[in-house]
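Worksheet: one structure, shown below.
Chain A is the first sequence line, chain B the second, and so forth, proteins listed ahead of strands; every chain is numbered from 1.
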Amino acid sequence: MYRIVAKKELAPAVKSLTIDAPLVAKNARPGQFIIVRIDEKGERIPLTIAGLDVQQGTITTIFLEVGKTTEQLGRLNEGDAISDLAGPLGNPTEIKNYGRVVCVGGGVGVAPLYLVAKALKDAGNEVISIIGARTKELLIFEDEMQQASDELYIATDDGSKGHHGFVTDVLQELIAKQKIDRVLAVGPTVMMRAVAKVTKNHNIKTVVSLNPLMVDGTGMCGACRVTVGGETKFTCVDGPEFDAHLVDFEELMNRQRTYITEEKVALERCGRCRH
Amino acid sequence: MPSLKKQPMSEQEVDKRIHNFDEVALGYTPEQAITEAKRCLQCTKPSCTQGCPVGIEIPAFIKHIADEDFDGAIKVIKKKNNLPAICGRVCPYENQCEKFCVLGKKGEPAGIGRLERFVADYERKKGARIPEKAGASGKRVAVVGSGPAGLTVAADLAKLGHDVVIYEALHESGGVLMYGIPEFRLPKEVVRAEIEYVKQLGVDIQTNVVIGKTISIDELREEFDAIFIGTGAGLPHFMNIPGENLCGIYSANEFLIRTNLMRAYKFPEYDTPIKVGKRVAVIGAGNVAMDSARVALRLGAEEVRIVYRRSEKEMPARAEETAHAKEEGIKFEFLTNPIRMAGENGWVKQLECIRMKLGEPDESGRRKPIPIEGSEFALDVDTVVVAIGQKPNPLIAKMTKGLRITEKGAVWIDENGKTSMEGVFAGGDITTGTATVIEAMGAGKKAARAIHEYVSR
Ligand SMILES: Cc1cc2nc3c(=O)[nH]c(=O)nc-3n(C[C@H](O)[C@H](O)[C@H](O)COP(=O)(O)OP(=O)(O)OC[C@H]3O[C@@H](n4cnc5c(N)ncnc54)[C@H](O)[C@@H]3O)c2cc1C
Ligand SMILES: Cc1cc2nc3c(=O)[nH]c(=O)nc-3n(C[C@H](O)[C@H](O)[C@H](O)COP(=O)(O)OP(=O)(O)OC[C@H]3O[C@@H](n4cnc5c(N)ncnc54)[C@H](O)[C@@H]3O)c2cc1C
Ligand code: SF4
Ligand code: FES
């Protein structure tokens with residue numbers, strides 16, 4: 001069992017859990033993820049590592065409640081425990097001094113991006129970050145990102161804070177102003193696809209962190225397969241980060257929808273068992 | 001004169017069993033077991049034993065059954081085999097012990113596999129006894145992977161007094177026994193009971209630990225006197241044909257992991273879903289393909305086809321499994337090779353195939369299938385399961401410098417199960433590619449002896 005040592009609500013339906021997992025914390029690096037299973041009947045779901053404390057032996061994960069498992073996870077409290085947690089999985093983000101790097105984060109993607117931005121800054125990069133959300137209340141990690149970046153831009157779909165529009169609008173302006181050596185994007189697939197489109201036109205190397213469906217997370221099932229540069233890759237072991245200009249985003253989004261009907265069934269059942 | 005035929009074993013009726021995941025074969029009653037045991041000639045130079053990869057004293061355990069001494073029988077088996085209830089169900093005994101049985105010359109061989117299963121089940125129902133262990137040696141051994149290879153190494157070393165920790169990547173131990181072979185062929189309760197026995201020997205099993213990620217082999221070497229790698233052949237092959245990443249296409253591994261490990265057949269009671277349409281095509285004709293086809297049927301498919309590029313004669317599946325599949329109404333498209341998967345709205349709809357004919361024998365000794373030009377046709381499908389084999393798990397190889405890997409991606413070992421790294425041993429599917437449960441156990445036994453020698457030196 002893996003004990004929850006702290007819980008926070010960062011925004012409506014966005015929760016942060018800090019979990020006791022010393023073995024995972026010891027070898028974890030920015031960009032890696034864990035697989036959790038809440039109980040005997042639970043599904044295995046992947047969540048990115050958004051924080052770690054080697055001394056305390058804990059890792060932090062931040063998630064948006066979108067369905068049965070994430071809702072159930074959101075109802076757990078400090079002192080509760082989850083049955084299974086495996087990690088760190090996937091390859092860490094490649095951290096080097098690239099020069100000027102733009103980090104683009106959307107929704108809950110901002111949380112895991114923070115560790116990456118910080119590591120990039122520590123490696124000597126000039127880090128410019130753009131974070132976005134649908135509305136002001138859903139923005140998370142603004143202070144943290146401020147600290148980890150030389151410049152921070154905000155975009156909201158409804159204009160309640162920062163730029164009124166998408167993160168890609170800001171990205172386009174930045175590209176017009178200066179030379180950018182690398183772009184990293186973590187967030188909803190549609191956002192990453194849009195970022196890839198913008199940077200492709202300017203030939204800027206762009207890395208995205210993909211989130212296909214997963215089961216084992218160790219390369220055994222192929223549920224997480226994506227097409228990158230015409231080749232099939234397993235996101236959990238070959239990724240999760242890939243060259244954005246080579247990813248077949250349409251295929252990824254299609255595969256993410258595989259269980260839409262079943263997800264509704266599961267969520268309804270979960271809603272009922274809440275009372 | 002003993003009867004020419006084996007005592008038949010009762011099975012769940014076909015029209016019932018295709019709607020449930022309960023075990024198909026029901027096992028012998030004590031009377032049937034005794035009758036079958038009495039068929040054995042108790043040869044003075046028994047030929048059956050040479051066919052057993054773990055060296056069970058076959059006539060000796062059969063004699064105990066014939067004498068109605070089931071406790072005596074299980075004691076003989078457990079001297080060599082720590083997981084008999086599993087082997088008695090899934091071993092291809094027709095190619096092993098029973099193949100060499102003299103009774104097989106005139107009639108059917110002795111039902112060695114069925115008898116093994118009978119006594120193992122007898123003991124499980126009674127509650128397994130723990131054999132004596134040697135005194136603590138003070139040596140520590142890490143075992144990576146909890147499939148039959150890892151469990152065997154661990155049990156044998158624990159009996160010899162060593163302190164053994166198994167690290168398993170998944171949340172449940174057992175390897176393929178747990179995630180691959182379906183409930184109706186190998187009930188998970190049986191697997192859990194055998195794992196419980198290994199734990200009672202003092203083996204510590206740590207699940208959710210992915211060696212190479214959570215802990216590296218080098219870190220393990222600092223903490224343990226020896227290491228055994230038994231990580232299996234878990235990397236699925238795909239066809240690499242157009243359309244293979246449409247929705248509705250599964251690797252056999254994903255299909256079986258969802259069903260067996262995650263209990264998707266009990267969705268929504270269990271959270272993990274699986275989607276099976278009316279028409280299912282399973283590509284491949286090994287045990288894994290038969291299991292996938294029979295799972296698809298039980299998940300509600302109306303028509304399940306095996307699509308195989310060679311002919312019936314070359315099928316690698318066990319005869320018993322093919323017979324079960326046929327009884328259950330699985331259809332077979334032999335000499336047929338898929339060339340493309342076509343979809344609609346992102347979901348697979350057709351499996352485009354070409355007919356094949358057999359040419360000259362290839363490296364495997366089987367006649368090579370050759371496409372017949374112009375014979376393309378399409379099967380209407382809603383779900384496709386690709387069951388054309390697995391490769392050794394590459395994770396540890398990738399993360400461990402200095403571990404020699406063969407051209408086929410397997411971990412290289414010498415004749416004693418030693419790898420190229422000092423103090424690191426390996427065995428089972430990770431060194432051979434997909435083989436059998438009993439061969440993995442045989443490799444585990446050999447490695448356990450070598451490790452015992454190594455740590456006691
Ligand atoms: C490598 C990786 C890292 C991730 N990191 C985070 C994170 O840090 N924070 C976060 O909020 N989310 C993260 N996700 C997504 C998260 O795993 C899903 O939101 C979660 O599985 C949904 O489960 P559910 O039962 O609550 O919802 P469901 O009802 O199962 O699904 C709701 C939606 O989530 C998507 N989804 C469902 N299952 C999975 C799955 N196994 N993998 C990916 N997406 C799925 C579906 O496409 C669906 O649209 C990550 C995904 C991956 C692959
Ligand atoms: C569907 C199916 C049906 C089969 N039917 C039969 C049959 O009827 N009869 C028969 O004899 N054989 C059968 N086989 C073959 C048989 O199951 C295998 O040969 C046998 O299980 C191999 O044992 P193993 O211990 O080498 O590996 P596995 O059983 O594969 O176990 C390896 C274990 O290691 C774990 N692991 C992998 N990587 C790591 C890591 N980095 N860190 C920690 N743990 C790790 C895995 O999660 C797994 O639990 C079948 C196989 C399949 C897939
Ligand atoms: S060869 Fe057959 S008959 Fe002879 S001892 Fe073995 S099982 Fe019995
Ligand atoms: S999640 Fe199973 S292979 Fe990636």
Check your understanding: More than 12 non-hydrogen atoms from neighbouring residues, nucleotides or ligands closer than 6.0 Å to NZ on A:Lys118, yes or no?
Key -> no
Exercise for review: Taking all non-hydrogen atoms of both residues into account, name the closest pair between A:Asn27 and B:Ile215 and its distance.
Suggested key: ND2-CA, 4.0 Å
**Study point:** Under 4.5 Å from a heavy atom of chain B, the part of A:Gln72 involved
**Key:** side chain
Review point. Minimum heavy-atom separation for B:Trp347 to A:Thr258, with atom names?
Key: CZ2-O, 3.4 Å
Check your understanding: Would you say the side-chain atoms of A:Lys41 pair up with the backbone N or O of B:Asp271, donor to acceptor, closer than 3.5 Å?
Key -> no
Check your understanding: Got a sec: does the CD of B:Glu269 have more than 12 other heavy atoms crowding it under 6.0 Å?
Key -> yes
**Study point:** Distance in Å, B:Lys275 NZ paired with A:Thr261 OG1, rounded so as to fall on 0.5 Å steps
**Key:** 3.0 Å
Exercise for review: With a 4.5 Å cut-off on heavy-atom pairs, point out which of B:Val210, B:Asn245, B:Leu235 contacts chain A the most.
Suggested key: B:Asn245
Check your understanding: Has the side chain of A:Arg257 got a donor or acceptor atom that lies under 3.5 Å from a matching backbone atom of B:Gly346?
Key -> no
Point to revise | salt_bridge(A:Lys26, B:Glu219) N-O dist < 4.0 Å | key: yes
Study note, to complete from the structure: Between B:Leu395 and A:Val237, the two heavy atoms sitting closest are CD1-CG1, 4.3 Å
Review point. Chain B heavy atoms under 4.5 Å from A:Leu85: which part of the residue, side chain, backbone, both or neither?
Key: backbone
Check your understanding: Is any side-chain heavy atom of B:Leu170 closer than 4.5 Å to a side-chain heavy atom of A:Arg44?
Key -> yes
Review point. Which heavy atom of A:Gly219 sits nearest a heavy atom of B:Pro236, and at what distance?
Key: O-CD, 3.8 Å
Point to revise | Under 4.5 Å from a heavy atom of chain A, the part of B:Lys266 involved | key: neither
**Study point:** Atom pair CG/CE of A:Asn91 and B:Met399 - distance to nearest 0.5 Å
**Key:** 7.0 Å
Review point. Would a 4.5 Å heavy-atom cut-off, applied to side chains only, mark A:Tyr2 and B:Asn208 as touching?
Key: yes
Point to revise | Under 4.5 Å from a heavy atom of chain A, the part of B:Asn393 involved | key: side chain
Review point. When rounded to the nearest 0.5 angstrom, what is the spacing between OG1 in B:Thr214 and CG in A:Leu89?
Key: 6.5 Å
Practice item. Count the heavy atoms of every other residue, nucleotide or ligand shown that sit under 6.0 Å from NZ of A:Lys200, and state whether that count exceeds 12. Key: no
Review point. Taking only residues two or more places apart in sequence, or in another chain, which ones meet A:Tyr114 in a ring-ring contact (aromatic ring centres under 6.0 Å, His included)?
Key: A:Phe141
Review point. What part of A:Arg37 lies closer than 4.5 angstrom to a heavy atom of chain B: side chain, backbone, both or neither?
Key: side chain
**Study point:** Side chains of A:Glu262 and B:Thr272 in contact at under 4.5 Å (non-hydrogen atoms)
**Key:** no
Revision key, fill the gap. When every non-hydrogen atom of A:Val265 is compared with those of B:Phe267, the smallest separation belongs to CG1-CE2, 4.2 Å
Review point. Do you know which of A:Gly90, A:Ala21, A:Ser83 has the most heavy-atom pairs with chain B at a distance under 4.5 angstrom?
Key: A:Gly90
Review point. Chain B heavy atoms under 4.5 Å from A:Glu231: which part of the residue, side chain, backbone, both or neither?
Key: neither
Check your understanding: For chain A, which residues from residues 249-262 of chain B have at least one heavy atom closer than 4.5 Å to it?
Key -> B:Ile249, B:Tyr250, B:Ser251, B:Asn253, B:Glu254, B:Ile257, B:Arg258, B:Met262
Exercise for review: Specify which of A:Glu43, A:Arg255, A:Gln32, A:Met220 makes the most heavy-atom pairs with chain B at under 4.5 Å.
Suggested key: A:Met220
